[in-house]
2 protein chains.
Amino acid sequence: MAPNPATSDTAAPDAFAPDTAAPPDATPDAPARALTRECIAAAALRVLARDGLAGLSMRKVAAEVGVKAASLYWHVRNKEELLDLLNDALVAGAELPPRTGDWRAQYLEYGRRYRALLLATRDAARIVAGRLATGPHILAVLEDQLDRLRGAGFTDADAAMASYLLSAYVQGFVLQEQSPLSAAEAAGATRGEAARAAGEVFRTLPAETHPNLVALAADLTDPDMDARFEFGLHRLADGLAALLPTPRPAPGREPR
Amino acid sequence: MAPNPATSDTAAPDAFAPDTAAPPDATPDAPARALTRECIAAAALRVLARDGLAGLSMRKVAAEVGVKAASLYWHVRNKEELLDLLNDALVAGAELPPRTGDWRAQYLEYGRRYRALLLATRDAARIVAGRLATGPHILAVLEDQLDRLRGAGFTDADAAMASYLLSAYVQGFVLQEQSPLSAAEAAGATRGEAARAAGEVFRTLPAETHPNLVALAADLTDPDMDARFEFGLHRLADGLAALLPTPRPAPGREPR
DNA sequence: ACCTGAACACCGTTCAAGT
DNA sequence: ACCTGAACACCGTTCAAGT
C-alpha cells in the first residue's frame, strides 16, 4: 500500500478564501508542478460536462490533467473520494440569492437557484444526490441558508429541517428531470417527444382498470418542468410558513 | 445485430393480473425452459439485495439465473432496460394504504410506505430515482393514488402535481438516507457514528465564519431520520391542504 | 427461437519501480 | 514526494456459431 496523504482533510474547510481561486503551494522551491486536488476536481468537472457520469473514469480524468490513472491515487483514496471532490466543485459555482424580500421569497429563490445549478451540469443531480460530504463550498451555502431561516423566526430544529427538506426536494426533482425517462428514451428522443409518448401510453390504457391515468394523461405528462417545480416549491414554503407564529394574513391565498 | 424481440413491450401493461404471479408461456409444446423477463427481474432483485447496485453486473444476474451473460441480451436490449425491469419489480412489493381517514392521512401513509419500501432493498432509491419507466406495477400504484387525490377534491392538474411531488420528495429523501454519507463513511461506520463525526465537523468550525453551523450542529446531524422524514411529509401535506377549497378549521394547528 | 464462446474495448485499483 | 508501467480482476456488449 502506497503512503497516501489524502486522508483526513476531506472534510476540513481548507482553502476557504471566499472566492479567490488562489493557487496555494506553500513549499518554496518545489517543482511547482505537483497536482492539486482542486486541479483534479476541475478536470473531473470538465470530463463530466463532456461525457456524463457514465463516461467519467479515472483514466479519463487523469488524461484530462495530463497524467496516468495510477497517479490519481496519490491525491485521492479512490473514485468515491474523487466524486466527493467533484460534489463540492459543483457547488462552488453557486451564487447566493439577494437578501431582499421576506424569508419565503428567499427560500423559493434558493430552491430555484439550486435547481438551475444542478441543471447546468450534466448528471449533476446524480452526483450530488447521495452525498453529504462537507466540502468548504457546501458549508458556506448551508451557513448562509441557516442564517436566513433563523432570522425569519424558525426554531433551530425547524431551520435545520427546512434546509434539509429543500435539498431533498430539489435533488429528487432534478434527478427525475435530468435522467432519461426510460431506456427507450435514452436512445435519442427529446423530452417533449418522450412526454408525448408517455402520455400516449397513459391515454391508451384500458379505461376500466385505469380510469384516472387515462383522464389525467395530459396533466401527468405536462412537459413544463418549471411549473411543476414551482408547484412543489410553493407547497413546501406554505407548509413551512404554517410553523411560524405570525402568518401575516394566512397561508394559502393565491391558490395557484 | 441479433434479432431482439424485447423492444416495444417495455411500457406495455402486459401480465397485469393484479398480483397472481402467473407464468404465461402461451406456446403449447415449448421446452418450457425459456427464460422470462420476470424471471430475470427477480434474479436481478436478488443480486441487488446481496451485492448492491455497484455489484449488479449482467454477468452476475446471468449466473443467478443459470445462464451466460450474452444470453440476457436476447430478452433485454441492454443493462439500462434491465434496470427498468428491476424498477418495476421493486414496486411490485408495494402494499397500498387502507382507504381510512381523510386524504391527508392517506397521503402521509403513502409517503411512509413508499419510503419503507425503498429502505427495504439495498440501493433501491438509486434505481428508482431517475427512472420514469411505466411498468405495470408502477401504473397500478399511480392509478390508485390519483384516484384518492381526485376524490379528495383536488383538481386534475393539482392531483397530478401532488403525486409527482410526493415521489420526488420521498426519492430525494431516501437517496440521502440510503447512500453512504461520504467516502469516509463508506469504509465501515454506522450511521450514528457518521452523524456524530459530521456533528463534530460542524461544531469545531470557526465560529466567526460559521456561527450557525456551530450552533445548529446537533440539529443538523440528528440521526433520527424518521422524525426528519415526517417533518417534510407534514410540510408537504400542509402545503397541499392550502389548495383545497374547504380547510376544515385552518391548516397549521399542531405545529410540530 | 434461444443460448453460448470468444472476443473487443474498456473499467478501478494495486504495487513495485522509477525520479 | 510524486509519478509510471504493468498487471489483476473485472466490466457491457457484439456476433458468429451452435441447437
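Order of the sequence lines sets the chain letters (A, B, ...), proteins ahead of strands, with each chain counted from 1.
- Not one side-chain nitrogen or oxygen of A:Ser71 sits closer than 4.0 Å to the OP1 or OP2 atom of D:dC2.
- Residues A:Ala70 and B:Arg59 each lie close to DNA chain D; by heavy-atom proximity, the contact nearer the 5' end of the strand is made by A:Ala70.
- Nearest heavy-atom pair across B:Leu139 and A:Leu213 is O-CD1, 3.5 Å.
- Look at B:His75 and you won't find any side-chain N or O under 4.0 angstrom from OP1 or OP2 of C:dA1.
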Using a 3.5 Å cut-off and no angle test, enumerate the donor-acceptor pairs between side-chain atoms of residues 63-72 of chain B and protein atoms at least two apart in sequence or in another chain.
residue	atom	partner	partner atom	Å
B:Glu64	OE1	B:Arg50	NH2	2.5
B:Glu64	OE2	B:Arg46	NH1	2.6
B:Ser71	OG	B:Lys68	O	3.2

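- B:Phe202 meets the ring-ring contact (aromatic ring centres under 6.0 Å, His included) test with no other residue; sequence neighbours excluded.
- One distance of note links CD1 of A:Ile40 with CG of A:Leu45; it measures 13.5 Å at 0.5 Å rounding.
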Inset, instruction - Could you give me the CA-CA distance, side-chain angles and deciding distance for A:Asp222 and A:Arg228, then say whether salt bridge (charged side-chain N to carboxylate O under 4.0 Å, His left out) is met? - result: CA-CA 8 Å; A:Asp222 184 352; A:Arg228 224 182 263 222; 5.7 Å; no
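- Note that CG of A:Leu216 is 11.5 Å distant from CZ of A:Arg203, once rounded to the nearest 0.5 Å.
- Scanning residues 49-58 of chain B for heavy-atom distances under 4.0 Å to DNA chain D yields B:Leu56, B:Ser57, B:Met58.
- Nearest heavy atoms, A:Leu119 versus A:Gln178: CA-NE2, 3.7 Å.
- Distances shown here put every side-chain N or O of A:Trp74 at or beyond 4.0 Å from the OP1 or OP2 atom of D:dC3.
- For B:Phe229, the ring-ring contact (aromatic ring centres under 6.0 Å, His included) partners at least two apart in sequence or on another chain are B:Tyr169, B:Phe173.
- Atom-to-atom, OH of B:Tyr73 to P of D:dC15 comes out at 13 Å; the value is rounded to the nearest Å.
- The distance between atom CG of A:Leu72 and atom C1' of C:dT14, rounded to the nearest whole Å, is 14 Å.
- Atom CG in B:Asn78 sits roughly 5 Å away from atom P in D:dT13 (whole-Å rounding).
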Legend entry - 5'-to-3' dot-bracket of DNA chain D (Watson-Crick, G-U; under 3.5 angstrom; crossing pairs as [ ]; | other strand): ||.|||||...|||||.||
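- The distance from atom NZ of B:Lys68 to atom C1' of C:dA7 is 15 Å, rounded to the nearest whole Å.
- The CG-C1' distance, from A:Leu35 to D:dC2, rounds to 10 Å in whole Å.
- Put simply, NZ on B:Lys79 and CE on B:Met58 are 8.0 Å apart, with the number rounded to the nearest 0.5 Å.
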Inset, instruction - Please assess A:Arg115 against A:Glu177 for the test side chain to side chain contact (heavy atoms under 4.5 Å, CB included), listing each intermediate value before the final yes or no. - result: CA-CA 10 Å; A:Arg115 170 166 173 256; A:Glu177 188 175 8; 2.6 Å; yes
Inset, instruction - Using the side chain to side chain donor-acceptor pair (under 3.5 Å) rule, take B:Gln176 and A:Gln171 through it: C-alpha gap first, then chi angles, then the decisive distance, then the call. - result: CA-CA 9 Å; B:Gln176 301 258 35; A:Gln171 286 173 21; 3.0 Å; yes
Between the protein and nucleotides 17-19 of chain C, list the N/O to N/O atom pairs that are separated by less than 3.5 angstrom.
none

